[in-house]
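Naming: A, B, ... by sequence-line order, numbering from 1 per chain.
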Number of protein chains: 2
Amino acid sequence: MLSEGVILEEKEISQAVIGRLPRYFRYLGELKDEGVERISSQDLSELMKVTASQIRQDLNNFGGFGQQGYGYNVEYLYHEIGKILGLDRQHNFIIIGAGNLGRALGNYINFEKRGFIFRGMFDENPALIGSRIRGVKVMPMNEIEHFIRENDIDIAVLAIPKSGAVAVAEKLVRTGIHAIWNFAHVDLNVPEGIQVENVHLSDSLMKLSYNIRKAAPNGE
Amino acid sequence: MLSEGVILEEKEISQAVIGRLPRYFRYLGELKDEGVERISSQDLSELMKVTASQIRQDLNNFGGFGQQGYGYNVEYLYHEIGKILGLDRQHNFIIIGAGNLGRALGNYINFEKRGFIFRGMFDENPALIGSRIRGVKVMPMNEIEHFIRENDIDIAVLAIPKSGAVAVAEKLVRTGIHAIWNFAHVDLNVPEGIQVENVHLSDSLMKLSYNIRKAAPNGE
DNA sequence: TAGATTGTTAATCGATTAACAATC
DNA sequence: TAGATTGTTAATCGATTAACAATC
């Protein structure tokens, strides 16, 4: 390939590691709020119930954040992980689907604290158009494309039934959306480079159901 | 140990496998609805974008559901996976927290189709007590324990802020709940045998944020 | 029977844990 | 300096994939 060596590929980090970062971030945030200044991988491992080895391996994928004989500075590590997770940027998101789940997500103010800004909401139900969730207007579906382009939207939250989800996702892809946070119970096939994160609630509930049955095979 | 050999341990199945079962179940349900009678691991693997080998390995943890030269009967396999997931049983659940998320979950009727029955809702806000979600009454928090014992509740859905979640979880454990579906952004430490399934929405969003940044390192 | 496809064993790959030299 | 603890290499473990004999 011509571009060989031109684009510096970051080392590919496994999704297993990525998936643990938010949890580290959460624990470090709590330690910070408690005024803890430094922590060793050993102490953190006891708190989080993982191995110290895993913590050190995970962090060293991104750089040497600690200091021998000292451990990790809590506030520094907290901010570094935040940067790794992209929380130093602002992300504008829209919610598609103004049903119960969509409205619940729109009302969830904690996202704003992490730089995720709720910009718009869309629904196909004419009765909902014009109503507001935390000041954000519900707009008709045919305005999605224009809105995304005009308002620098990064993330579309898909909170509609699965019947319409695939078609809407395809439309979103055409607008150049970067990422879809998918709550519909269907797998979206999007082109390379567009990020999809699934929250399949019923899958999660089924997993719980399996584990209940396994723990109490005879019904009680 | 005295009980050695008395209790027949089922082979321990990894959570990686369990986590894939609901997805198999979903695809088989769709195939069934489309009238497809049988499918080979090869064809299913192309549909689901996993290896045929993984499908066969996964299923064979639970038994030989297929037939050489034929493949798998869709309807049969669908029902068998349903049984493995415990969907042949009824699960009664309550929701704790009648905020936006709790109400959205209470209104989600698809859970009923899978045998998860919404029985009660609890909140500490007196203004909400007595209101109803799909006919289910919102009750005060101090009635939780009595209600769980009287109504054969299996699952408590925790849809409250993290500040109160740990204390409520401890209370639930004392009532003998089997399982907690935890939407609070905190890890619950419960005794062995009580199942916890976490839905950490902000963790999920942070993962998405990481992947956006990685795909577009320079902001666009 | 011949062809298809499973169930299952073996090989590979990747992730986790252990160990320890480097270094603060 | 001595003790503590990281960063990193090596060993282990587990999960995924490949291969193929069994069998419908």
Spacing of [X] atom [atom1] relative to [N] atom [atom2], expressed in whole Å:
X	N	atom1	atom2	answer
A:Q54	D:dA11	CD	C1'	17 Å
A:R20	C:dG14	CZ	C1'	12 Å
A:R38	D:dA4	CZ	P	11 Å
B:E12	D:dA15	CD	C1'	15 Å
A:R56	D:dA4	CZ	P	15 Å
B:I55	C:dT8	CD1	C1'	16 Å
B:F62	C:dT8	CZ	P	14 Å
A:I13	C:dA15	CD1	P	11 Å

Checklist entry - Cation over ring, B:R38 on B:Y72, under 6.0 Å and within 45°? => result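 The answer is no; the distance or angle limit is not met.
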Checklist entry - Reckon A:T51 touches a base, only the sugar-phosphate, or nothing at all at heavy-atom distances under 4.0 Å? => result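 Sugar-phosphate: the residue A:T51, judged by heavy atoms under 4.0 Å, touches backbone atoms but no base.
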Checklist entry - Taking for each residue the nucleotide of DNA chain C bearing the nearest heavy atom, is the 5' side occupied by A:Q67 or by A:A16? => result A:A16
Item to check | Along DNA chain C (nearest heavy atom to each residue), the more 5'-positioned of A:Q15 and A:Q68 | outcome: A:Q15
Checklist entry - Taking N and O atoms by type only, does the side chain of A:Q57 place a donor or acceptor under 3.5 Å from a partner on the base of D:dT6? => result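 No, the side chain and the base share no sub-3.5 Å donor-acceptor pair.
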Checklist entry - Could one point to a donor on the side chain of B:S53 or the base of D:dA18 with an acceptor on the other under 3.5 Å away? => result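 Such a pair is found, so the answer is yes.
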Checklist entry - Which nucleotide, in any strand shown, forms a Watson-Crick or G-U wobble pair with D:dA19, with both distances under 3.5 Å? => result C:dT8
Item to check | Assigned partner base of C:dC24, Watson-Crick or wobble definition, under 3.5 Å | outcome: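 Partner of C:dC24: D:dG3.
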Next on the checklist: For B:H200 versus B:H185, what's the shortest heavy-atom pair and its separation?
Outcome noted: ND1-CA, 3.9 Å
Item to check | Closest nucleotide among C:dT16, D:dG7, D:dT5 to the A:Y72 side chain | outcome: D:dG7
Is the shortest heavy-atom distance from the side chain of [X] to the side chain of [Y] under 4.5 Å?
X	Y	answer
A:E112	A:R134	yes
B:N151	B:N92	no
B:Y108	A:L101	no

Checklist entry - Do any side-chain nitrogens or oxygens of A:S41 fall under 4.0 Å of OP1 or OP2 in D:dT5? => result no
